[in-house]
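Quick note: residue numbers are just sequence positions, from 1.
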Amino acid sequence: MGQNGGTSPRGPRCVALVGPFQSGKTTLLEAMLARTGAIQRQGTVEAGTAVGDGGAESRHHRMSVELSVASTIFLGDVYTFVDCPGSIEFIHDMRVALPGVDAAVVVCEADERKVPQLQLVLRELEELHVPRFLFLNKIDKADKRVRETLKILQPASRVPLVLRQIPIWSNDIITGFVDLALERAFIYKEHAASEVVALDEHLDREKEARFSMLEKLADHDDELMEQLLEDIPPPRDKVFDDLAKELRDGIICPVLIGSATRTNGVLRLLKALRHEAPAIADTVKRLGVAAKGDAIAYVMKTLHTTHGGKMSIARVLHGQIPDSATLLTPESEAGRVAGIFKMLGQTTEKRGPAAAGEPAIFRSLQRADQSWPGRFASTGLRSGPHRPQQFRIRSLLRQVIFPQQ
């Protein structure tokens, strides 16, 4: 159901932050962590104080060179964000991590030079059927109208880019936005919640843009199409339901606007993720994993740390994975989990068993001669190997592992 009185997916959510190089992914992560209280103060990539670029190499180059993970709590639910490097040299990290997430936020800006790289990112998401939002960042520096920008960006996407918000302009500066689904106007407040203002002076633009959004939704909803043809205003909950369903079905890519450095638009993005992004049940179905019996996880990345040894970032898809589990490959090679942790950038904290939907860090998940990222893991072996249905991904990732307690 929609945002007003309906039921949204609950439970832990895992969201990838992807997009072209230097589009502001790590800054957006920092803004969301600050906005939700996970960190006291928003750091910056330039100053070397961002959670997502906590490694020495990332700070030296002032760019992400490896995948970074951070969790926060928003309105009672846990959200884990996987910040993926944008540089083409490190795209493998993104490819391996994507199958394990519920949705992705594609961070981009109004720069036609970056459209080829944006297209590459969107193709990866489309092939894996990962639901995705597009966050048009650096809107405070925009020199084009948003509709002009969408015309530039649309060729990069196989599905329609559906504008969810239109900017409010004042003296050629964007000072806020109109939420087309919510039918409310907001004025930006730096590092604070936006202020709701009267919609009156923006009503004509809002009606035109909202109708355009509804037309795109109606392409896949006959009932909505009939309402538009008969000039019947659709209920707000109906609009939100369609936005959520068509996002999860991968037939639209909603577009939101903002400025991560000022945290403008960040709260609305978080609310869109909360109400519209799918949860773990949808992800398990997308991957073709049997959600019964032994616990199953997907390994996204293995880090080699100085003091902690090998630390593997994994997402539990079903059941619960405890500490001290012995992991077996199909070739009967064994590895033992020597600790389970949660992660905030480079900081780790010991935690208990990891349940369905939760990302966790498993220490000593692999031996030196094993490569676990891009594989499944299960907490038991039955009479024969249980192999989840394979999904569309590079042949490099088409491998399965089976742990045993």
For [X], does the [atom1] atom have more than 12 heavy-atom neighbours from other residues, nucleotides or ligands under 6.0 Å away?
| X | atom1 | result |
| --- | --- | --- |
| Lys144 | NZ | yes |
| Glu215 | CD | yes |
| Lys342 | NZ | no |
| Lys216 | NZ | yes |
| Lys285 | NZ | no |

Would a 4.5 Å heavy-atom cut-off, applied to side chains only, mark [X] and [Y] as touching?
| X | Y | value |
| --- | --- | --- |
| Glu358 | Val78 | no |
| Thr44 | Thr27 | no |
| Leu256 | Leu134 | no |
| Val18 | Val105 | no |
| Val266 | Leu28 | yes |
| Met343 | Thr347 | no |
| Glu124 | Val130 | no |
| Val101 | Val15 | no |

Please list, chain by chain and in numerical order, all residues satisfying salt bridge (Lys or Arg N to Asp or Glu O under 4.0 Å) with Glu183, sequence neighbours excluded. Arg210

For residues 220-235, please give each side-chain donor-acceptor pair under 3.5 Å, one per line with the distance, not counting sequence neighbours.
from	atom 1	to	atom 2	distance (Å)
Asp221	OD1	Glu223	N	3.0
Asp221	OD1	Leu224	N	3.0
Asp221	OD2	Lys238	NZ	2.6

Would you find a donor on one side and an acceptor on the other, under 3.5 Å apart, between the side chain of [X] and the backbone of [Y]?
| X | Y | answer |
| --- | --- | --- |
| Ser23 | Val107 | yes |
| Gln117 | Lys114 | no |
| Ser212 | Glu208 | no |
| Arg13 | Gly357 | no |
| Arg363 | Ile361 | no |
| Asn137 | Cys108 | no |
| Gln165 | Ile257 | yes |
| Arg268 | Ser194 | no |

So how far is it from [X] [atom1] to [Y] [atom2], rounded to the nearest 0.5 Å?
| X | Y | atom1 | atom2 | answer |
| --- | --- | --- | --- | --- |
| Glu148 | Glu112 | CD | CD | 11.0 Å |
| Asp242 | Ile251 | CG | CD1 | 9.0 Å |
| Asp77 | Thr72 | CG | OG1 | 11.5 Å |
| Gln42 | Glu30 | CD | CD | 6.0 Å |
| Ile313 | Asp93 | CD1 | CG | 8.5 Å |
| Leu267 | Lys271 | CG | NZ | 4.5 Å |

Salt bridge flag under 4.0 Å for residues Arg286 and Asp282: no

Where do Tyr79 and Arg274 land on the side chain to side chain contact (heavy atoms under 4.5 Å, CB included) test, with the steps shown first? CA-CA 9 Å; Tyr79 291 80; Arg274 182 174 189 266; 3.1 Å; yes

Does the pair Glu195 and Phe186 meet the rule for a side chain to side chain contact (heavy atoms under 4.5 Å, CB included), with working shown? CA-CA 5 Å; Glu195 178 187 350; Phe186 299 84; over 6 Å; no

So, for [X] and [Y], which heavy atoms are closest and what is the spacing to 0.1 Å?
| X | Y | result |
| --- | --- | --- |
| Pro254 | Leu247 | CD-CD1, 3.6 Å |
| Leu344 | Ala38 | CD2-O, 4.3 Å |
| Gly258 | Tyr188 | CA-OH, 4.0 Å |
| Ala260 | Ala31 | O-CB, 3.4 Å |
| Pro278 | Asp102 | CG-O, 3.2 Å |
| Ala156 | Leu122 | O-CD1, 3.5 Å |

Can you list every ring pair (Phe, Tyr, Trp, His ring centres under 6.0 Å) pair that touches residues 130-173, not counting sequence neighbours? none

What side-chain donor-acceptor pairs closer than 3.5 Å can you find for residues 171-182, not counting sequence neighbours?
from	atom 1	to	atom 2	distance (Å)
Thr175	OG1	Ile168	O	3.4
Asp179	OD1	Ala181	N	3.0
Asp179	OD1	Leu182	N	2.9

Does the pair Leu120 and Ile91 meet the rule for a side chain to side chain contact (heavy atoms under 4.5 Å, CB included), with working shown? CA-CA 10 Å; Leu120 178 63; Ile91 198 170; 3.4 Å; yes

Show, in sequence, the C-alpha distance, side-chain angles and deciding distance for Arg164 and Leu243, and conclude whether the side chain to side chain contact (heavy atoms under 4.5 Å, CB included) test is met. CA-CA 9 Å; Arg164 286 281 307 273; Leu243 283 166; 3.6 Å; yes

Hey, are Thr302 and Ser312 close enough side-chain-wise for a donor-acceptor pair under 3.5 Å? yes

Return yes if a side-chain donor-acceptor contact under 3.5 Å exists between Ser259 and Asn264, otherwise no.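 Absent: no donor and acceptor within the cut-off.
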
Tell me every residue that passes side-chain hydrogen bond (donor to acceptor under 3.5 Å, both in side chains) with Glu190, counting only those two or more places apart in sequence or in another chain.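 Partners of Glu190 by the side-chain hydrogen bond (donor to acceptor under 3.5 Å, both in side chains) criterion, ordered by chain and then number, come out as Arg262.
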
With sequence neighbours excluded, tell me which residues meet side-chain contact (heavy atoms from CB on, under 4.5 Å) with Pro359. Cys14, Thr80, Arg315

Audit row: Ser68, Asp83, side chain to side chain donor-acceptor pair (under 3.5 Å) steps and yes/no: CA-CA 5 Å; Ser68 181; Asp83 182 14; 5.3 Å; no

Stepwise salt bridge (charged side-chain N to carboxylate O under 4.0 Å, His left out) test for Asp323 and Lys350: CA-CA 10 Å; Asp323 196 356; Lys350 194 170 178 62; 3.5 Å; yes

